[in-house]
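Input: a single structure, listed below in structure tokens.
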Amino acid sequence: FCNRLRHVESMSLQPSGAGRISHLNAVILGEPLESEENDLVFPSQEFSSQALVSSPEQYRNMYEKSIEDPAGFWSEIASQFYWKEKWNPEVYTENIDVRKGTVKFEWFKGGRTNISYNALDRNIEAGNGGKVAIYWEGNDLGDDGRLTYAELLEKVCQLANYLKHVGVRKGDAVIIYLPMLTELPIAMLACARIGAVHSVVFAGFSSESLSQRIIDCKPKAVITCNAVRRGSKPIHLKEIVDSALRESVKNGVTVDLCLTFENKSAMRREDTKWQDGRDVWWQDVVPLFPTKCDVEWVDAEDPLFLLYTSGSTGKPKGVLHTTGGYMVYTATTFKYAFDYKPSDVYWCTADCGWITGHSYVTYGPLLNSATIVVFEGFILLIQCEQFIQAPNYPDAGRCWNIVDKYKVTIFYTAPTLVRSLMREGDAYVTRYQRKSLRVLGSVGEPINPSAWRWFYNVVGDSRCPISDTWWQTETGGFMITPLPGAWPQKPGSATFPFFGVQPVIVDEKGNEIEGECSGYLCIKNSWPGAFRTLYGDHERYETTYFKPFAGYYFTGDGCSRDKDGYIWLTGRVDDVINVSGHRIGTAEVESALVSHPQCAEAAVVGVDHEIKGQGIYAFVTLVEGVPYSEELRKSLISVVRNQIGAFAAPDKIHWAPGLPKTRSGKIMRRILRKIASRQLNELGDTSTLADPSVVEQLISLGDC
Ligand code: PRX
């Protein structure tokens with residue numbers, strides 16, 4: 001208690017910056033906290049004293065510098081990387097205000113660098129060649145491997161040389177459709193080395209989703225593997241690619257090369273369907289190429305990757321990230337938010353098919369020469385309809401078995417996984433030591449306080465701070481996050497902005513609101529890791545993100561700020577559902593459902609789900625005369641699985657003779673959300689509906 005008291009006292013610093021950075025808060029400005037002490041979870045003094053940022057005051061100084069002099073702040077950090085040529089005198093240029101012209105961010109323009117070089121060669125030159133870069137853990141116990149930085153570089157170079165040999169050039173797109181094998185980060189780093197633009201497609205996406213992405217970015221090559229295994233059952237990834245490529249050809253996009261890794265533990269090459277001339281076995285060609293490969297020096301603003309994400313319309317958005325700013329930002333956020341030390345062993349459970357796997361499995365950690373753990377297990381669970389199950393093979397203790405095996409010190413995961421493990425009981429956790437753990441992390445959705453406390457108390461033995469990192473595919477890296485040694489946490493709050501980030505809360509009219517309040521979360525300025533455009537559609541970029549509240553980047557999230565200035569994310573305010581930390585646009589699911597010949601209309605809403613955070617709830621109107629049946633329900637679900645992927649399958653189908661619509665024909669989702677969550681007393685005004693009796697019908701039918 002005395003220690004904690006000392007902390008509270010030490011946090012009552014004199015406000016030196018008050019008024020200058022108005023949206024900051026009590027902790028940061030050094031005013032005493034108003035919260036009860038038992039709402040706060042303090043880092044231990046032992047942790048704080050060794051932390052990179054160990055006090056609010058230190059954070060405040062750095063934060064103020066980052067806001068008052070972004071160019072100075074970020075160029076000092078950027079200088080720690082290798083640049084073949086230095087950037088232009090102006091470190092960044094920005095126009096975030098759509099009223100003043102085209103929205104444009106540029107960081108370190110004119111600088112020539114390479115992120116793959118910085119993640120590998122630079123670390124090796126600094127003496128880390130023998131350090132383990134990747135521990136790979138297969139789904140089966142005992143199936144594992146490791147690569148040092150020197151070995152990883154050799155493998156990256158061989159693939160890079162091969163890709164160059166087959167004509168992949170700077171600026172060409174390459175689609176990567178692989179499970180979590182080491183070949184996945186290798187492929188990303190190889191593309192980056194030669195200036196090719198990778199677009200990783202999560203290997204749980206269906207062939208239709210894959211072909212949509214192929215058609216959009218017209219890749220020079222697709223990199224995949226023949227299969228992944230779940231138990232004894234192989235999932236034929238290559239066949240999914242084959243069918244996506246056939247579909248692409250019909251749409252005028254032909255891909256000449258399908259480089260296929262033979263995943264021997266899942267399937268023999270003899271059993272793999274093959275198209276001569278187009279398909280090439282990775283193992284037959286890549287190892288023949290030299291283990292050294294010249295780097296393609298690219299401009300800081302040259303594209304690094306494209307990653308498709310769901311929006312509120314049916315068509316996925318190709319979020320484009322460039323090289324220099326993204327490199328500096330992911331490395332810096334990783335270092336501070338996890339209080340990274342060279343002796344750490346870091347495990348992020350995300351798949352490289354999502355942004356978390358880009359920024360915080362691959363680039364952020366490797367740029368810091370960290371040792372990372374890559375675990376194969378997740379994709380398998382997702383593809384076999386057990387998405388909400390924890391990595392429970394062979395049992396629910398697998399995560400902690402891996403933590404003990406590799407002496408993991410930083411463990412970064414999603415609330416959905418925490419909740420599903422929590423359900424299995426403490427014994428699966430406590431039978432492992434977990435002594436190596438020192439920092440925990442959470443991402444993807446708001447973490448409910450009870451899951452936070454279980455994660456903190458049971459997994460972290462009440463001694464590991466939790467970094468609840470709020471960010472997005474678009475932001476490239478953490479935006480609002482605890483710095484684990486710097487201030488007390490509140491379970492469920494992402495706390496305060498990272499260096500250089502100015503979050504504001506606005507009301508419906510776009511006015512900034514101060515103090516204790518709720519509203520829409522926007523960002524006021526550019527930051528190095530920001531996405532630069534939506535591929536091929538800058539207009540949609542501006543319309544979606546910069547027009548709703550002119551003068552700001554609109555995140556699509558709602559949030560509130562409490563009396564101490566802590567920020568609490570409350571979820572999406574657009575038509576995007578967050579299922580187990582994965583964004584799914586309601587429009588995408590609806591368009592899949594209505595493609596079913598017996599579905600006349602569909603409306604999809606998110607509904608609270610104990611494990612997944614949000615579940616997918618679909619109201620479906622059938623074609624006149626078609627009777628409801630269990631068979632039809634299954635067939636509707638399978639349409640979504642086939643068109644998007646298993647993870648997007650609706651949890652509930654609610655038969656709807658009609659949908660509540662305004663007189664102008666707009667579906668009133670507000671009412672559907674209330675019906676889905678059985679908040680029938682809160683339906684609100686239904687008198688503006690074209691046919692108010694529809695609501696009664698829906699309620700009486702219930703869900704199936
Ligand atoms: O709603 C927010 C939620 O996830 C969205 C971004 O999803 P995506 O681009 O797929 O990236 C996920 C991984 C960064 C956000 O708009 N979200 C992400 N992290 C948090 C969160 N919501 C609350 N707390 C978080 N820590």
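Here the structure is a predicted model, which means the values were calculated and not measured. Read the numbers this way: they start at 1 and go in the same order the structure lists the ligands and their atoms.
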> Should the heavy atoms of other residues, nucleotides or ligands under 6.0 Å from CD of E508 be counted, would the total exceed 12?
Replying inline: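 No, CD of E508 has 12 or fewer neighbouring heavy atoms, counting only those of other groups under 6.0 Å.
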
> With a cut-off of 6.0 Å (strictly less than), are more than 12 heavy atoms of other residues, nucleotides or ligands near CG of D608?
Replying inline: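 Open.
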
> Applying a strict 4.0 Å limit to heavy atoms, is A494 in contact with ligand 1?
Replying inline: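 Flag not set, A494 not near ligand 1.
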
> Under a 4.0 Å N-O cut-off, is there an ion pair linking D339 with R438?
Replying inline: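 So D339 pairs with R438 through a salt bridge.
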
With heavy-atom distances below 4.0 Å as the criterion, list the atoms of ligand 1 near [X].
X	answer
D557	1 (O), 2 (C), 15 (C), 16 (O)
T356	13 (C)
T473	8 (P), 9 (O), 10 (O), 11 (O)
V443	13 (C), 14 (C)
R572	1 (O), 15 (C), 16 (O)

> Any side-chain heavy atom of T416 sitting closer than 4.5 Å to one from I611?
Replying inline: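 A side-chain contact under 4.5 Å exists here.
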
> Taking side chain as C-beta onward, heavy atoms only, is L307 less than 4.5 Å from H321?
Replying inline: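 Answer no - side chains too far apart.
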
>> Under 4.0 Å, heavy-atom basis, I'd like to know which part of Q472 is in contact with ligand 1: side chain, backbone, both or neither.
In response: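 Looking at Q472 and ligand 1, atoms from backbone and side chain both fall under 4.0 Å.
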
>> Does only the side chain of T469 get under 4.0 Å from ligand 1, or the backbone, or both, or neither? Count heavy atoms.
In response: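 For T469, only backbone atoms sit under 4.0 Å from ligand 1.
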
> Quick check, are the ring centers of F338 and F478 under 6.0 angstrom apart?
Replying inline: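 Yes.
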
> In chain order, what residues pass the salt bridge (charged side-chain N to carboxylate O under 4.0 Å, His left out) check against R532, with sequence neighbours excluded?
Replying inline: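 Residues passing salt bridge (charged side-chain N to carboxylate O under 4.0 Å, His left out) with R532: E301.
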
>> D574: which residues meet the salt bridge (charged side-chain N to carboxylate O under 4.0 Å, His left out) condition with it, sequence neighbours left out?
In response: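 So D574 forms a salt bridge (charged side-chain N to carboxylate O under 4.0 Å, His left out) with R572.
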
> Just going by heavy-atom distances, which of G441, G444, G558 is nearest to atom 17 (N) of ligand 1?
Replying inline: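 That would be G444.
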
>> On a heavy-atom basis, I'd like to know which of E445, H358, M479, R583 is closest to atom 21 (C) of ligand 1.
In response: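 The residue whose heavy atom sits nearest atom 21 (C) of ligand 1 is E445.
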
> What is the closest protein heavy atom to atom 23 (C) of ligand 1, and at what distance does it sit?
Replying inline: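 For atom 23 (C) of ligand 1, the nearest protein heavy atom is P446 N, 3.1 Å.
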
